[in-house]
K.L.:
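The following block contains the structure, expressed as structure tokens.
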Amino acid sequence: MYWLVKSEPSVYGWEQLVKDKKTSWDGVRNYAARNHLKAMKKGDEVLFYHSNEGMEIVGIAKVDKEFYQDPTTDDANWVVVDLKPHKKLKKPVTLSQIKTDKRLQEMALVRLGRLSVQPVTEKEWKIIMELAGENS
DNA sequence: GCCAACGTTGGC
DNA sequence: GCCAACGTTGGC
């Protein structure tokens with residue numbers, strides 16, 4: 001499956017993930033986002049989106065470890081997954097590109113702007129790859 | 001820095 | 001269980 005996660009670069013950006021080699025995606029405190037975390041499988045590919053600054057998809061991460069208890073809280077409601085960087089996009093795909101592409105109007109990124117972890121359909125994934133200049 | 005959108009909380 | 005109030009996120 002395919003996913004998209006957002007992060008503010010000033011808090012935790014793509015460069016930081018590359019530097020760290022791996023990170024646990026903690027701090028998710030939203031039930032919808034949490035449910036998506038729980039549905040992630042090892043090896044799933046995850047678009048890495050920069051919110052606020054940049055406002056673009058900059059790279060692809062992969063799920064390295066499936067969900068487990070969020071170590072930053074004792075509340076059993078919350079979980080994290082481990083992500084590792086997979087590849088940086090040749091060309092970042094900006095929010096405005098996505099918003100102007102007729103084929104991507106149904107994307108959660110457009111419709112549910114505030115959701116921090118969201119699923120991406122295979123169709124959408126292919127379009128993003130095309131916009132990013134990736135030929136896979 | 002403002003404000004719209006949305007989720008959550010809490011009073012009834 | 002409804003809904004108003006409030007807080008947070010994120011685009012602009």
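In what follows, every chain begins at residue 1, and chains take the letters A, B, ... in the order their sequences are listed.
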K.L.:
Round to the nearest Å and state the distance from A/Lys99 atom NZ to C/dG11 atom C1'.
P.N.:
6 Å
K.L.:
Just N and O in the side chain of A/Tyr49: are any of them under 4.0 Å from OP1 or OP2 of C/dG11?
P.N.:
yes
K.L.:
Would you mind reading off the distance between A/Asn52 atom CG and C/dT9 atom P, rounded to a whole angstrom?
P.N.:
10 Å
K.L.:
Indicate yes or no: at least one non-hydrogen side-chain atom of A/Arg111 is less than 4.5 angstrom from one of A/Gln118.
P.N.:
no
K.L.:
Flag the pair A/Glu130 and A/Lys126 as a salt bridge only when some basic side-chain nitrogen lies within less than 4.0 angstrom of an acidic carboxylate oxygen.
P.N.:
no
K.L.:
To the nearest angstrom, how far is A/Tyr31 atom OH from B/dT8 atom C1'?
P.N.:
9 Å
K.L.:
Between C/dG10 atom P and A/Leu112 atom CG, what is the distance in whole Å?
P.N.:
12 Å
K.L.:
Under 30°, 30 to 60°, or over 60°: which ring-plane class applies to A/Phe48 and A/Tyr12, parallel, tilted or perpendicular?
P.N.:
tilted
K.L.:
From CG of A/Leu95 over to P of C/dC12, roughly how many Å is that when rounded to an integer?
P.N.:
6 Å
K.L.:
Nearest-Å distance, CZ (A/Arg114) to P (B/dC3)?
P.N.:
17 Å
K.L.:
Please tell me if A/Lys6 has a side-chain N or O lying less than 4.0 Å from either OP1 or OP2 of C/dT8.
P.N.:
no
K.L.:
Nearest whole angstrom, please: distance from the P of B/dG7 to the CG of A/Asn35.
P.N.:
13 Å
K.L.:
Which part of the nucleic acid, if any, lies within reach of A/Arg111 when heavy atoms closer than 4.0 Å are counted: base, sugar-phosphate only, or nothing?
P.N.:
sugar-phosphate
K.L.:
Nearest whole angstrom, please: distance from the C1' of C/dT9 to the CG of A/Leu115.
P.N.:
11 Å
K.L.:
Carefully, step by step, assess A/Gln69 and A/Trp78 under the rule side-chain contact (heavy atoms from CB on, under 4.5 Å).
P.N.:
CA-CA 6 Å; A/Gln69 168 70 38; A/Trp78 308 117; 5.6 Å; no
